[in-house]
Amino acid sequence: MWRRILTAALLAAAIPTAGGCARDARRVLNEAPEQYVIVHYPDSRSVYVDGREHALTNRVILISPGHYEFSLGSPDDYRPKTVVADVRGTSRTAPKEIVFEKLPASN
Amino acid sequence: MRSCPRPTKAVAAVLAAIALGVLAGCAAPMNPRLDHFDPRAGYRFANLDAPDNSDDLFVILTFSGGGTRAAALAYGVMQKLADTPIQIFGQQRRLLDEVDVISAVSGGSFTAAYFGLFGDELFTRFQKDFLRANVQDGLVLNAMAPWGALRLLGPYYSRSDLAGDYYDRSIFRGRTFADLAARKRRPYIIINSTDMTIGAPFHFTQDQFDLLYSDLGPMSVGRAVAASSAVPVLLAPMTMRNYPAGDDFREPTWITRALDSDRPGSNARYRKAEQWQSYRDKERRPYIHLMDGALSDNLGVRPVLHALTTDSSWSLQSMVNLDRVRCIVVIVVNAGTQGLSELDRSRATPDVVNVARATGGALLTNTVLDSITLLRERIGSLQQAAHAPMPTSAPDSTVSGRNFLVIEVGFDGVRDPKRRADFWSIPTSFKLKDAQVDELIAVGGELLNADEGFQALVEALTPPPTTQPQGN
């Protein structure tokens, strides 16, 4: 009897866990994993995505589908300060375009 | 005959208090709270240097579960990498020196953690310390010893805690994650377990422990390995404290953004964000219970899948965008077994031990296949994206001429059916015969060497033969 109870408990714990893993795998498979973005700025500059350095300006870059906050590396001479964009349905030949403008140098 | 005097209530109370005190003192050490939140401190990929390691070639190893069978197979692969000379930027190195990340589960985590802590001592001491040691009997003897048995009576010390303490003493020499971080060098070792409530992978990295507002540094590596190999039923889950976050805590931005803006249930990003944010619920989840990493990821590939996204703290996508890597090689070491079980000959209900073995074996086979398929798809997708044609508007390409490769080392690759069946019949255990260990080490190197992708990689990285000037 105790063996059956333990077996049931074990399966109840383990099988949904393994099943969840497989479901995750199928979800990911249904989505194009690579999207494309180009961040325009007059200079070559680091592009930060959600606060992490992810790429460089003026190049077609890879990104996973989703919402992100884009900003540039220092110096702080550009506007807007951040751009939030939903990146989906792009292609390498038609990337999402994000534009930062260079501020005039202050004296 | 005089009868023994009955203990008074006061004496009984004192004895009970002493017993409670002893049991309380027997509680396993909890993961400590962070003094303050610092997203740049602790055991993280970004804090590990790679002085002798070229980012141009980025090598990731993943080690599956499977007890000593998995540890020995992984060891064979490591030995082959150590014996493979390559040349990068005119410098001769071993392919092993180019390994940047090892993500491991359960049995495989012993090999990964040992190499992370002790480097090349893996090749001089690990066989004696673990592969050829009777760890299984060691665990049983520790549980039966008076002190071990007493500690197990308490509610706050489990069989996995006992296993962790034993691994610390007998294998990992009491080393902690602070020791691992102090080495300041790659490979980045990711030991994976499973959060049993949400069924998600739980990694022993500071990125993960930030969510618990806990400091991974003082945690012993042996306890992490014990959590990673806490086979259901045979070993109990290991418990971590999930502390209330300090005011200085900042959740990774991508989590909030994914939950605010992405579609529920529509993608893995949302699901992972949901899982990670569950640690914010300190009232409902003040404790996190960890089980065998194999239950959520028997190959250890899920951290690699996450690294192929934008959100990972060691995003391969970022490295590609920033022109930091040209070749990504993922070597998946899979000690999984197949074949029909003798259990099916009998009508009798399988016992607990056999159920536990099945849970770590056949029942996970489909998820293993899903994981491998997914990894190949994602690597293929990144490769394809890297070679896609340039739009005319872009002045420069970041992604061209790169090679990304997945190599799988598993018993499926053994050509001789009898030999293959012999490997499949090796049980998931911490006690193997020396001959079995020898065979597993040998086949790990053989299988890697026989892989066409590996051969092409080695050929591309082999130093050209020096031509002797011909005398007249």
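Per chain, numbering begins at 1; letters A, B, ... match sequence-line order. Only this structure's heavy atoms are used, side chains among them; waters, hydrogens and symmetry mates stay out.
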I'd like to check the side-chain hydrogen bond (donor to acceptor under 3.5 Å, both in side chains) partners of Ser71(A); sequence neighbours left out, ordered by chain and number.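 Once residues adjacent in sequence are excluded, Ser71(A) has no partner under the side-chain hydrogen bond (donor to acceptor under 3.5 Å, both in side chains) criterion.
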Let me confirm one number: the OG-CG distance from Ser229(B) to Asn192(B), rounded to the nearest 0.5 Å.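 Between Ser229(B) OG and Asn192(B) CG, I get 12.0 Å after rounding to 0.5 Å.
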Atom pair CZ/CZ of Arg269(B) and Arg257(B) - distance to nearest 0.5 Å: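 Going from CZ on Arg269(B) over to CZ on Arg257(B), the span is 8.0 Å.
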Could you tell me which portion of [X] (side chain, backbone, both or neither) has an atom closer than 4.5 angstrom to a non-hydrogen atom of chain A?
| X | value |
| --- | --- |
| Thr309(B) | both |
| Ile198(B) | neither |
| Asp260(B) | neither |
| Ser313(B) | both |

Restricting to side-chain contact (heavy atoms from CB on, under 4.5 Å), what partner residues turn up for Asp248(B), sequence neighbours left out?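 Result, side-chain contact (heavy atoms from CB on, under 4.5 Å) vs Asp248(B): His36(B), Phe37(B), Tyr213(B).
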Measure the acute angle between the ring planes of Phe45(B) and Tyr188(B), then classify it against the limits of 30° and 60° as parallel, tilted or perpendicular.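 Perpendicular.
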Tell me, for Val47(A) versus chain B, whether the close heavy atoms (under 4.5 Å) come from the side chain, the backbone, both or neither.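 Looking at Val47(A), nothing touches chain B.
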With sequence neighbours excluded, what pairs up with Asp207(B) under the salt bridge (Lys or Arg N to Asp or Glu O under 4.0 Å) test?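 Asp207(B): salt bridge (Lys or Arg N to Asp or Glu O under 4.0 Å) contacts with Arg44(B).
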Assess whether a salt bridge exists between Glu69(A) and Arg52(A), defined as any Lys/Arg side-chain N lying under 4.0 Å from an Asp/Glu carboxylate O.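 Answer for the salt bridge query: no.
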Examine His306(B) together with Trp254(B) and report whether their ring centres are nearer than 6.0 Å.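 Yes - the distance between ring centres of His306(B) and Trp254(B) falls below the 6.0 Å cut-off.
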Contacts of residues 73-83 of chain A with chain B (heavy atom under 4.5 Å):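 Not one residue of residues 73-83 of chain A has a heavy atom under 4.5 Å from chain B.
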